[in-house]
Q: 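Before anything else, here's the structure in question.
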Amino acid sequence: MIWSFTRLRAWLVVGACALVTACTSVPETPLSTDNGAFSRNGRFAITVTESDGQQKAVQGGFNWHDDGSRYRLDLTTPLGSIEARVEGRPGHATLTKADGAVYEARNPDELAEEALGGPIPVSNLRDWMRGRVADTSATDLQRDELGHPVSFQQDGWQARLSRYDTQGPGLLVLQRAEPGRRIVVRLAVDQP
């Protein structure tokens, strides 16, 4: 499958669906509480390198708020306009693109399959943004001196997490090799 810029953006939107869980507004500053509320904002970049050496890239910003059961995520263009919004609750996820197209599914993985026409495992991204990893399914897990996961492989992704603050990593670099292409996702969280 050849990835277009639209598919790259859709992939990120759907992947980000797993990062968050939405409120009526997205706070400017990060929030983390004992009830599971979590907010982050930052920048993303996705690069897909095909086997013939051609590269396609897309970048922008993200803002999300997770109250523990519902989420809202806005993905923005580099100029700040909203490219897509993901909203959801347990058992339901919705992707609304700037052109008005709406995709709905029971969970982020199904949303990815519907939006892109093929399965992409995105469920772990939400935990990774919080600096959590399921030790039972991760391999080659390395932790820093504070016990934070800094490098591991899980569900076909090689993940590197760094620049930790009190809420999780400030930088995530995710790589995946597939037949005929290599995908690199970089998420940089703005510091409070």
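Computed from a predicted structure; not experimentally measured.
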Q: Which heavy-atom pair separates R176 from D155 by the least distance, and what is that distance?
A: NH1-O, 2.9 Å
Q: So, taking the atom named CZ in R160 and the one named CD in Q142, what distance separates them when rounded to the nearest 0.5 Å?
A: 11.5 Å
Q: side-chain hydrogen bond (donor to acceptor under 3.5 Å, both in side chains) with T49: which residues, sequence neighbours excluded?
A: Q55
Q: At their closest point, which heavy atom of L161 faces which heavy atom of P149, and how far apart are they?
A: CB-O, 3.6 Å
Q: With sequence neighbours left out, write down each residue that passes salt bridge (charged side-chain N to carboxylate O under 4.0 Å, His left out) with R43, or none if nothing qualifies.
A: D190
Q: Taking only residues two or more places apart in sequence, or in another chain, which ones meet E145 in a side chain to side chain contact (heavy atoms under 4.5 Å, CB included)?
A: none
Q: Could you list the cluster mates of L79? Members are the ILVMFWY residues connected by side-chain heavy atoms closer than 4.5 Å, either directly or through other members.
A: none
Q: Taking atom OG1 of T77 and atom CD of E83, what is their separation to the nearest 0.5 Å?
A: 7.0 Å
Q: Enter the distance from L172:CG to S162:OG here, rounded to the nearest 0.5 Å.
A: 7.5 Å
Q: Are D66 and R130 within salt-bridge range, i.e. N to O under 4.0 Å?
A: yes
Q: Is there a continuous path of hydrophobic side-chain contacts, each under 4.5 Å between heavy atoms, that joins L141 to W128?
A: yes
Q: In chain order, what residues pass the side-chain hydrogen bond (donor to acceptor under 3.5 Å, both in side chains) check against E104, with sequence neighbours excluded?
A: H92
Q: Is any side-chain heavy atom of V189 less than 4.5 Å from a side-chain heavy atom of P169?
A: no
Q: With side-chain hydrogen bond (donor to acceptor under 3.5 Å, both in side chains) as the test, pick out the partner of R85 among T94, T96, D74.
A: D74
Q: Rounded to the nearest 0.5 Å, how far does CG of N41 lie from CG of L73?
A: 11.0 Å
Q: Taking only residues two or more places apart in sequence or in another chain, which ones pass salt bridge (charged side-chain N to carboxylate O under 4.0 Å, His left out) with R132?
A: D127
Q: Side chains of S151 and Q158: donor-acceptor distance under 3.5 Å anywhere?
A: yes
Q: Could you work out, with side-chain hydrogen bond (donor to acceptor under 3.5 Å, both in side chains) as the rule, every residue matching S51, not counting sequence neighbours?
A: none
Q: With sequence neighbours left out, write down each residue that passes ring pair (Phe, Tyr, Trp, His ring centres under 6.0 Å) with H148, or none if nothing qualifies.
A: Y164
Q: May I ask you to test the Q59-P78 pair for a side-chain heavy-atom distance under 4.5 Å?
A: yes
Q: Could you check whether any side-chain N or O of R106 sits under 3.5 Å from a backbone N or O of P90, counting only pairs where one atom can act as donor and the other as acceptor?
A: no
Q: Determine whether V184 and L171 fall in the same hydrophobic cluster, where Ile, Leu, Val, Met, Phe, Trp and Tyr are linked whenever their side-chain heavy atoms lie under 4.5 Å apart.
A: yes
Q: Could you walk me through whether F44 and L187 pass the side-chain contact (heavy atoms from CB on, under 4.5 Å) test, one step at a time?
A: CA-CA 5 Å; F44 71 85; L187 301 168; 3.6 Å; yes
Q: For Q175, which residues count as a side-chain hydrogen bond (donor to acceptor under 3.5 Å, both in side chains) partner, sequence neighbours excluded?
A: R182
Q: Going by the rule salt bridge (charged side-chain N to carboxylate O under 4.0 Å, His left out), which residues pair with R186 if we only count those two or more places apart in sequence or in a different chain?
A: none
Q: To the nearest 0.5 Å, what is the distance between NZ on K56 and CD1 on I183?
A: 12.0 Å
Q: Find the distance between CZ (R40) and NE2 (H65) and round it off to the nearest 0.5 Å.
A: 13.5 Å
Q: Excluding sequence neighbours, so at least two apart, what forms side chain to side chain contact (heavy atoms under 4.5 Å, CB included) with A101?
A: K97, D99, Y103
Q: Does a donor on one side chain and an acceptor on the other come within less than 3.5 Å for Q154 and S137?
A: yes
